[in-house]
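A quick write-up on the structure given underneath.
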Amino acid sequence: MLLVAIGGVIGSLFRFLLGNLFPANGAGTLWANLIGVFIASHAVVFVERKGNANLRHLLLPGFCGGLTTFSA
């Protein structure tokens, strides 16, 4: 749970920074979702090959979850 929380905090902060870079037209949300999907898709392949559950928890529900659902 700690790894998911740490990844979520980092992902949410990154999403907040993207929102500040593109404040007016919602492009920050688009970029956050695109980056999150890109990282998640590559992380799934990498984690399946390496079998590291801790990295999976940090990246997928943690970082990518915080990055892509902050706007919800």
(request) Could you walk me through whether H42 and F46 pass ring pair (Phe, Tyr, Trp, His ring centres under 6.0 Å), step by step? (result) CA-CA 6 Å; H42 284 79; F46 178 76; over 10 Å; no
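Through direct or indirect side-chain contacts shorter than 4.5 Å among Ile, Leu, Val, Met, Phe, Trp and Tyr, M1 is connected to no other residue. Hydrophobic side-chain contacts under 4.5 Å tie L17 to no other Ile, Leu, Val, Met, Phe, Trp or Tyr residue.
Each of V4 and L60 belongs to its own hydrophobic cluster when Ile, Leu, Val, Met, Phe, Trp and Tyr are linked at side-chain heavy-atom distances under 4.5 angstrom. In the hydrophobic clustering of this structure, V37 does not group with V45; members are Ile, Leu, Val, Met, Phe, Trp, Tyr whose side-chain heavy atoms approach within less than 4.5 Å, directly or through other members.
The shortest side-chain heavy-atom distance between R56 and N52 does not fall under the 4.5 Å cut-off. By the 4.5 Å heavy-atom criterion applied to side chains, N33 and L67 are not counted as neighbours.
A donor and an acceptor atom, one from each side chain of R15 and T68, are nowhere located under 3.5 Å apart.
Between C64 and A40, the shortest heavy-atom contact is SG-N, 3.7 Å.
The main-chain N or O of F38 is found under 3.5 Å from a side-chain atom of S41 such that the two form a donor-acceptor pair.
For the atom pair L34 CG and I39 CD1, the distance stands at 11.0 Å (nearest 0.5 Å).
Ring pair F63/F14 is tilted by interplanar angle, where 30° to 60° counts as tilted.
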